[in-house]
Amino acid sequence: MVFFQQRRDRVLEGSTRVIPSIQPRPLPIRNMSVSRTMEDSCELDLVYVTERIIAVSFPSTANEENFRSNLREVAQMLKSKHGGNYLLFNLSERRPDITKLHAKVLEFGWPDLHTPALEKICSICKAMDTWLNADPHNVVVLHNKGNRGRIGVVIAAYMHYSNISASADQALDRFAMKRFYEDKIVPIGQPSQRRYVHYFSGLLSGSIKMNNKPLFLHHVIMHGIPNFESKGGCRPFLRIYQAMQPVYTSGIYNIPGDSQTSVCITIEPGLLLKGDILLKCYHKKFRSPARDVIFRVQFHTCAIHDLGVVFGKEDLDDAFKDDRFPEYGKVEFVFSYGPEKIHGMEHLENGPSVSVDYNTSDPLIRWDSYDNFSGHREDGME
């Protein structure tokens with residue numbers, strides 16, 4: 001996180017630097033062949049967010065044959081309009097067909113419906129800024145296959161980045177980026193994606209101060225029990241990831257319908273967490289080798305300053321639009337600055353109706369959705 005302090009210092013010292021102004025060039029939103037392809041298949045969305053930032057998006061359900069055909073159309077259009085002055089940022093999994101068609105590709109992919117690491121957001125914005133400032137004719141192409149939230153994170157982050165680093169000439173670009181983000185992305189984005197854009201903006205501006213203290217997670221309390229079984233209740237278990245690597249798996253809690261108003265998953269000794277954290281709560285289906293996602297939440301420990309943190313339903317990925325998760329539901333995290341058991345938390349103990357199965361060797365429990373991300377497997381497909 002040293003980057004943020006250095007970045008702010010450089011901006012303050014060099015705020016008078018001049019970026020070459022760019023004469024407006026009339027660029028169509030889409031070329032005709034791409035437009036026809038869109039009308040035929042509805043699988044490609046190509047938009048000039050600004051004159052120099054282009055978003056190319058395919059749905060995760062896009063037919064492979066159509067995807068490759070549309071990708072060729074896009075490559076031909078970009079070469080005809082921008083020659084060698086475009087740099088493609090791939091925000092999805094690596095694919096050989098992308099690098100074959102586009103000579104200049106930067107790989108920044110992360111799992112669909114998730115947020116990238118905070119440092120990755122920094123790297124993307126810095127790479128965009130460097131490329132756009134190298135030549136007034138250079139353009140950036142953001143490529144995504146899946147939910148457009150990935151593109152939204154980058155656009156929103158770069159909007160904040162350019163707000164403190166760019167010249168006044170780019171004010172209209174920021175307006176265009178803001179309009180694109182609010183119109184196209186906000187309705188489909190995930191709460192954690194918005195949270196990370198807020199982190200990024202706050203760290204750049206200095207409104208969020210970095211917390212470098214170690215944090216130990218002791219309790220995860222679900223207030224309001226989701227109804228994932230036919231008779232109500234659920235069978236939740238947690239998977240916790242640090243930098244997308246699994247660091248903890250809980251037992252499976254069996255919570256009958258109407259038996260509890262909350263459930264507490266206790267981790268003793270406390271689990272040391274640092275950096276980008278993903279906590280995923282699953283429901284293990286009864287007598288079925290399957291699991292559903294109850295909620296997912298991503299946060300960065302540098303932005304956590306309270307030892308008690310509460311995420312409401314509107315803050316939880318997946319759950320925020322799931323009727324099975326109660327409207328009043330929320331998830332509370334209890335941290336401390338040491339691994340030792342926190343005294344005075346006896347009231348968090350679960351009632352006798354809640355049982356726990358600690359057989360976490362079950363392949364269904366151990367299976368890691370993120371192992372094969374680079375091998376064309378995305379967790380968003382669950």
Side-chain angles (χ1 to χ4, degrees), residues 11 15-39 44-58 70-92 98 101-106 108 121 123-145 148-186 189 197 200-201 204:
V11 169
S15 57
T16 58
R17 69 187 178 95
V18 177
I19 296 174
S21 61
I22 303 153
Q23 294 302 316
R25 291 181 293 162
L27 294 174
I29 295 300
R30 301 178 179 94
N31 87 327
M32 292 305 294
S33 62
V34 171
S35 180
R36 281 198 300 270
T37 303
M38 276 190 62
E39 290 170 4
L44 164 64
D45 190 17
L46 189 153
V47 178
Y48 277 80
V49 181
T50 73
E51 283 195 348
R52 304 181 69 199
I53 300 177
I54 306 165
V56 178
S57 185
F58 299 86
N70 289 348
L71 199 59
R72 284 192 294 272
E73 295 265 8
V74 170
Q76 290 168 7
M77 186 278 284
L78 291 172
K79 288 171 184 174
S80 68
K81 293 193 175 299
H82 301 287
N85 288 101
Y86 75 89
L87 178 62
L88 189 142
F89 287 63
N90 183 27
L91 309 182
S92 310
I98 294 175
L101 289 169
H102 301 274
K104 299 173 183 175
V105 179
L106 295 182
F108 281 109
I121 297 177
S123 299
I124 293 172
C125 288
K126 187 174 181 181
M128 288 177 65
D129 202 47
T130 300
W131 176 253
L132 291 174
N133 290 334
D135 186 317
H137 296 101
N138 282 354
V139 299
V140 162
V141 180
L142 303 176
H143 169 269
N144 172 66
K145 186 172 186 288
R148 286 196 304 269
R150 283 194 189 107
I151 289 177
V153 169
V154 174
I155 292 294
Y158 190 69
M159 183 170 62
H160 292 293
Y161 187 95
S162 64
N163 192 43
I164 68 165
S165 69
S167 69
D169 293 338
Q170 293 187 7
L172 288 177
D173 284 353
R174 287 198 292 277
F175 175 77
M177 285 188 280
K178 186 173 187 291
R179 185 176 60 184
F180 172 84
Y181 178 71
E182 291 178 348
D183 291 351
K184 292 265 191 176
I185 306 300
V186 169
V197 170
F200 184 71
S201 171
L204 281 176

Determine the minimum heavy-atom distance between F58 and N70, stating which atoms define it. CE2-CB, 3.4 Å
I need the L132 CG to R52 CZ distance, nearest 0.5 Å. 4.5 Å
Non-neighbouring partners of D135 that pass side chain to side chain donor-acceptor pair (under 3.5 Å), sequence neighbours left out: H137
Between L91 and I151, is there a side-chain heavy-atom distance shorter than 4.5 Å? yes
Minimum heavy-atom separation for F89 to A127, with atom names? CE2-CB, 3.8 Å
Spacing of CE belonging to M128 relative to CG belonging to L106, to within rounding of 0.5 Å: 11.0 Å
For V154, which of V140, N144, L142, V197 qualifies under side chain to side chain contact (heavy atoms under 4.5 Å, CB included)? L142
Provide the closest heavy-atom pair for I185 versus R148 in the form atom of the first, atom of the second, distance. CD1-O, 3.4 Å
Taking R150 for its side chain and N90 for its backbone only, find out whether a donor-acceptor pair lies under 3.5 Å. no
Distance check, rounded to the nearest 0.5 Å: I54 atom CD1 versus L88 atom CG? 9.5 Å
Determine whether V139 and Y48 satisfy the following criterion, side chain to side chain contact (heavy atoms under 4.5 Å, CB included), listing intermediate values before the conclusion. CA-CA 10 Å; V139 299; Y48 277 80; 5.8 Å; no
One should read off an interatomic distance between H102 NE2 and K79 NZ, to the nearest 0.5 angstrom, of 7.5 Å
Closest contact, heavy atoms only, A157 versus F200: O-CE2, 3.3 Å
Would you check, one step at a time, whether the test side chain to side chain contact (heavy atoms under 4.5 Å, CB included) holds for D45 with K184? CA-CA 11 Å; D45 190 17; K184 292 265 191 176; 3.8 Å; yes
What are the two closest heavy atoms between S162 and M177, and how far apart are they? OG-CE, 3.9 Å
From the options I53, I155, T50, select the one residue that forms a side chain to side chain contact (heavy atoms under 4.5 Å, CB included) with F180. I155
Rounded to the nearest 0.5 Å, the CE atom of M159 sits from the OH atom of Y181 at a distance of 7.5 Å
Interatomic distance, CE@M77 vs NE2@H82, rounded to 0.5 Å, equals 6.0 Å
Going by the rule salt bridge (Lys or Arg N to Asp or Glu O under 4.0 Å), which residues pair with K104 if we only count those two or more places apart in sequence or in a different chain? none
